[in-house]
**Student:** 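Below is a structure I'd like to ask you about.
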Amino acid sequence: MSASSYSTHKDQLCLKVAVPLPVRETFHYAVPGELREKVKVGCRVRVDFRSREVDGYVLEEQPAGRRENLKEILKVLDPEPVFHDSLVPFLTWMADYYLCPIGLLIRSVLPSALSQRVYKTARITEKGEKASGLLPADSEERKWLIWVKENPGRKIPFSAGKARSFEREGWIVVDEKRGSRRAGPLMRKFVRPHDRDGLKALLKEKRQSFKAANEFQFLETLSNSRGIPLKDLLSRFSNGAYLVRKWKDRGFLETYTAPVPRNLDGGSLFPPPAPFDLYEQQERVLSAIERGLDRRVFMSYLLHGITGSGKTEVYCRAIEYAIRQGRKAILMVPEIALAVYMEGIFRSRIGDRIAMYHSGLSEGERYDQWMRIARGEVDLVVGARSALFAPFQNLGLIIVDEEHDLSYKQEEAPRYQARDAAVVRGKLEKAVVLLGSGTPSVQSFYNAHTGRYTLLSMPDRVEKRPMPEVRIVDMKKFSGAGEKDEIISPVLKTALDNVLASGKQAMLFLNRRGFHRIYLCRSCGRSLRCPNCDLALIYHLKQNRLVCHYCGFYQELRSDCPSCGSLGLKPYGFGTERLEEILQALYPDRCIARMDRDSTRKKHQTFQMLKKFSRREVDILVGTQMITKGYDFPNVTLVGVIGADFSLGFPDFRAGERTFQLLSQVAGRAGRGDQRGQVIVQTFNPDHYAIAAAKEHDYHGFFEKEKELREQLGYPPFSFMACLRLQGNNKKRTAEMAGWVARTMSSLLKSWPKRGKEIHVLGPVEAPLSKIRGKYRWQIFVRSRKTWLLHAFLERVENVCEKKLNQAGVQLVIDIDPYQML
Ligand code: ADP
Ligand code: ZN
Ligand code: ZN
């Protein structure tokens with residue numbers, strides 16, 4: 001080997017690549033000379049991996065150094081990076097912390113249009129051609145064979161099963177194709193003058209003598225343009241297709257394709273104008289944040305600002321400040337509809353250098369927005385939790401609005417908490433992180449309490465508007481009076497009458513997630529709870545008993561109440577639909593609308609519904625937690641909470657926290673205009689600390705009590721938790737495997753004599769939702785005071801159990817910092 005070729009070898013570039021497969025490691029590949037200019041960190045590259053071709057992600061460029069015999073990458077798939085190297089440490093942390101293979105993580109984070117797809121295509125055989133002639137004219141087989149004949153090489157529109165059976169008959173040959181349907185900009189056909197001068201002369205000369213009546217107008221429109229989308233022409237001129245063809249043939253027009261931005265719904269619910277002056281509390285908070293931004297280091301703030309204290313304005317100014325520094329910002333909100341609303345506000349303030357990013361966008365829209373961000377064409381991204389991964393360089397500020405909201409937890413893989421992860425991203429990229437809420441999560445407030453976050457607070461409502469009056473109605477007084485009164489008490493009915501008579505609006509809120517009924521004592525209001533865990537017990541129909549889904553404790557069904565001894569224990573449960581029905585019966589002439597998961601499945605329905613409500617076309621809006629989010633409806637003067645007990649009776653150690661948050665947020669909806677609002681809370685537990693504190697708007701009181709309980713029972717934030725969920729198609733085997741995993745865990749712990757005692761395993765228990773989409777579900781909870789210890793243990797458990805679980809056809813899903821106990 002000559003000296004010079006040795007040195008080129010030494011300088012050779014090597015790439016660290018993550019592949020989108022269930023493997024934890026990353027892999028090294030060499031770059032052939034001709035691709036060297038093309039490849040960058042953040043590009044997708046096609047590589048040969050365990051004798052298949054996969055599309056991986058470049059995480060790092062390194063000198064090859066001593067590594068030898070590396071495989072070369074086959075192809076660079078992106079002309080420009082889809083993320084930057086500044087994001088790589090964060091992606092790596094996410095993969096480690098949430099125990100998710102890094103390639104799979106990246107694939108799920110990128111807009112799905114960037115993932116390669118493998119699809120089946122088919123060609124017809126001679127035998128198939130014959131068969132298509134012989135099959136009955138109206139048969140499905142014949143229809144598909146003809147389709148294959150006419151569409152060779154296209155993605156087949158029928159099932160893989162059908163394709164296999166055709167193939168068995170020898171009618172078709174099936175091929176697998178990958179990734180040629182590349183994502184990219186949206187292309188549209190345009191029409192423009194080919195010979196503008198000629199066209200102008202023609203128009204002058206022939207003015208009156210065109211055949212079609214609108215022909216002159218058609219040509220004149222085009223002669224004055226640089227290009228008009230064909231679609232627009234067709235909608236304006238009914239004979240447009242004919243005219244385009246005619247004048248194209250004669251050489252006056254031409255067609256071409258060009259990329260267009262996808263149309264985004266940037267509408268908003270009347271964004272309020274920007275105020276000139278800040279209130280003193282806003283000024284104080286903002287200047288703290290600006291000082292943080294000035295230092296250009298990582299800072300984390302928790303802004304505790306009650307509803308109506310003017311947090312949005314603080315966000316606006318902080319974002320404007322970061323942008324003036326030449327840095328970028330991310331604003332996360334809990335709901336898509338709220339992102340649309342916020343985008344309207346920010347667009348009116350900072351103009352077009354803003355992107356929206358959330359799962360409500362189409363695949364193409366997501367791709368467009370993502371690439372605008374990656375190219376640096378945008379200063380601010382507004383979106384739901386997926387906005388956390390916005391591929392910015394030079395990130396200055398991340399704001400998480402309504403940081404307590406549960407929607408920040410992603411419940412499918414990768415299972416992450418976007419609010420907690422935002423703090424880590426800020427730390428890794430030296431950005432300021434601002435978490436804001438009127439009712440901070442116990443977790444975040446505890447972090448502020450211990451000094452990890454800097455606490456900022458805005459205790460007053462803007463213009464010192466009074467907090468709404470919260471009235472608690474003790475439903476025990478109406479029990480036995482009939483279903484109607486147990487759903488809408490006479491107190492609430494009177495209040496509704498008054499509101500409607502004065503032309504105002506009301507919102508009624510019911511937080512019941514469909515799956516369970518709670519067992520509630522009609523005499524004392526208590527629900528049945530586990531003596532070990534203080535969680536509500538869940539009724540199991542088959543064994544006819546009540547079970548704790550955390551530790552496995554159970555007891556037989558009974559009607560005598562363990563708290564008061566009366567025979568008042570009965571099931572309690574109804575849904576938003578029933579509530580709507582009853583209201584419609586009470587107010588037949590009024591417009592009642594319902595907003596919940598069922599009524600808002602379609603993309604823009606939520607937004608439309610809110611718009612209708614804000615235009616006062618709806619008198620009473622009934623809804624689940626969806627209606628508690630921070631929209632501003634000045635005409636709402638009454639908010640009712642139906643059955644606060646549903647959220648208290650939820651089998652979750654956060655049930656108290658959830659109830660306090662929901663009541664406070666709901667209360668914040670009342671009286672945002674000039675009128676003082678009224679809140680009515682119906683409950684069987686008027687004395688419960690979460691309800692009493694919400695009535696007094698006393699966050700600190702609530703926090704102290706909640707903290708004490710969590711500490712006593714060892715729940716987070718006083719421990720770190722994980723949930724191991726076992727899922728399988730076979731009921732018996734899933735149960736057996738759950739038992740085996742739990743036993744394996746215990747013996748592993750015994751082999752760690754010292755550390756083992758610092759980890760607690762609870763269960764296995766059948767999950768409250770014991771079967772979802774055909775899969776049986778069991779769960780095991782693990783907790784420890786030390787997060788690193790918990791992680792080391794979980795990785796070990798995963799390694800030890802993997803093989804046997806695979807053989808048994810049972811899947812193990814690990815949920816770190818779980819929120820779903822279901
Ligand atoms: P939060 O998000 O804290 O619940 P908002 O940001 O919605 O509160 O503010 C409540 C109301 O006060 C809004 O109608 C907003 O337009 C108004 N507002 C906020 N800051 C100011 C200000 N500095 N001057 C005048 N009005 C303000
Ligand atoms: Zn009782
Ligand atoms: Zn228990």
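In each ligand, atom 1 is the first atom listed, and ligand 1 is the first ligand listed.
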**Student:** Using a strict 4.0 Å cut-off to heavy atoms of Tyr279, name the atoms of ligand 1 that fall inside it.
**Tutor:**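 Checking each atom against Tyr279, I get 21 (C), 22 (C), 23 (N), 24 (N), 25 (C).
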
**Student:** With nothing but distance in play, are any N or O atoms of Gly310 less than 3.5 Å from an N or O of ligand 1?
**Tutor:**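 Checking ligand 1 against Gly310, an N or O pair does fall under 3.5 Å apart.
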
**Student:** Would you compute the distance between atom CG of Asp277 and atom CD of Glu313 and round it to the nearest 0.5 angstrom?
**Tutor:**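 So the gap between those two atoms works out to 10.5 Å.
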
**Student:** Give a yes/no on ligand 1: does Ser309 have at least one heavy atom closer than 4.0 angstrom to it?
**Tutor:**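 The answer is yes: ligand 1 sits under 4.0 Å from a heavy atom of Ser309.
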
**Student:** Given side chains that start at C-beta, do those of Thr683 and Met475 come closer than 4.5 Å, heavy atoms only?
**Tutor:** no

**Student:** Kindly indicate, with the supporting measurements, whether the criterion side chain to side chain contact (heavy atoms under 4.5 Å, CB included) is fulfilled by Val681 and Val473.
**Tutor:** CA-CA 6 Å; Val681 177; Val473 177; over 6 Å; no

**Student:** Would you say that Asp474 contacts Phe684 through its side chain, given a criterion of any heavy-atom pair below 4.5 Å between the two side chains?
**Tutor:**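 SC-SC contact between Asp474 and Phe684 ruled out.
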
**Student:** Mind checking whether Ile306 has a heavy atom under 4.0 Å from ligand 1?
**Tutor:** yes

**Student:** I'd like to know if Arg324 pairs up with Glu320 as an ion pair, taking the criterion as any Lys NZ or Arg NE/NH1/NH2 lying under 4.0 Å from an Asp or Glu carboxylate oxygen.
**Tutor:**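 No, this pair does not count.
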
**Student:** Do Lys707 and Glu711 meet the salt-bridge criterion of a basic N to acidic O distance under 4.0 Å?
**Tutor:**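 Salt bridge absent between Glu711 and Lys707.
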
**Student:** What are the protein N/O/S atoms, named by residue and atom, that sit under 2.8 Å from the Zn ion (ligand 2)?
**Tutor:**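 The answer, once waters are left aside, is Cys521 SG, Cys524 SG, Cys561 SG, Cys564 SG.
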
**Student:** When you measure from the side chain of Asn685 to the backbone N and O of Asp687, does any donor-acceptor pair fall under 3.5 Å?
**Tutor:**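 Between the backbone of Asp687 and the side chain of Asn685 there is no qualifying donor-acceptor contact (under 3.5 Å).
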
**Student:** Taking CZ in Arg545 as the centre, count heavy atoms belonging to other residues, nucleotides or ligands within less than 6.0 Å. Is the count above 12?
**Tutor:** yes

**Student:** Identify the heavy atoms of Leu762 and Cys551 that sit nearest to each other, and give their distance.
**Tutor:** CD2-CB, 4.1 Å

**Student:** What I want to know is whether Gly305 and ligand 1 share at least one N or O pair that is separated by under 3.5 angstrom.
**Tutor:** no

**Student:** Taking both backbone and side-chain atoms of Glu313, is any N or O found less than 3.5 Å from an N or O belonging to ligand 1?
**Tutor:** no

**Student:** Going by the atom numbers of ligand 1, which of them fall below 4.0 Å from some non-hydrogen atom of Asp277?
**Tutor:** 22 (C), 23 (N), 24 (N)

**Student:** Give me the atom names and distance for the closest heavy-atom approach of Pro818 to Phe781.
**Tutor:**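 Nearest pair, atom of Pro818 first, then Phe781: CG-CE2, 4.4 Å.
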
**Student:** For Glu758 and Ser784, test the side chains for any donor-to-acceptor distance below 3.5 angstrom and give the result as yes or no.
**Tutor:** no

**Student:** Can you name the nearest heavy-atom pair linking Leu713 to Arg783, along with the distance?
**Tutor:** O-NH2, 3.1 Å

**Student:** For atom 3 (O) of ligand 1, which candidate among Lys311, Glu402, Arg461, Gln281 holds the nearest heavy atom?
**Tutor:**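 Heavy atom nearest to atom 3 (O) of ligand 1 belongs to Lys311.
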
**Student:** Got more than 12 heavy atoms from elsewhere within 6.0 Å of CZ, Arg616?
**Tutor:** no

**Student:** Below 4.0 Å, non-hydrogen atoms only: which portion of Met458 touches ligand 1? Side chain, backbone, both or neither.
**Tutor:** neither

**Student:** Please could you name the atoms of ligand 1 that Leu278 approaches to less than 4.0 Å, counting only its heavy atoms?
**Tutor:** 23 (N)

**Student:** Between Thr307 and ligand 1, is there a nitrogen or oxygen pair with a distance under 3.5 Å?
**Tutor:**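 It does not: no N or O of Thr307 is found under 3.5 Å from an N or O of ligand 1.
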
**Student:** Does the ring of Phe718 carry Arg785 above it, NZ/CZ under 6.0 angstrom from centre and within 45° of its axis?
**Tutor:**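 Checked: cation-pi criterion not met.
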
**Student:** Between Phe702 and Tyr689, how do the two ring planes meet: parallel, tilted or perpendicular, split at 30° and 60°?
**Tutor:** parallel

**Student:** At less than 2.8 Å, how many protein N/O/S atoms surround the Zn ion (ligand 3)? Leave waters out.
**Tutor:**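 Protein heteroatoms (N, O, S) closer than 2.8 Å to the Zn ion (ligand 3) number 4.
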
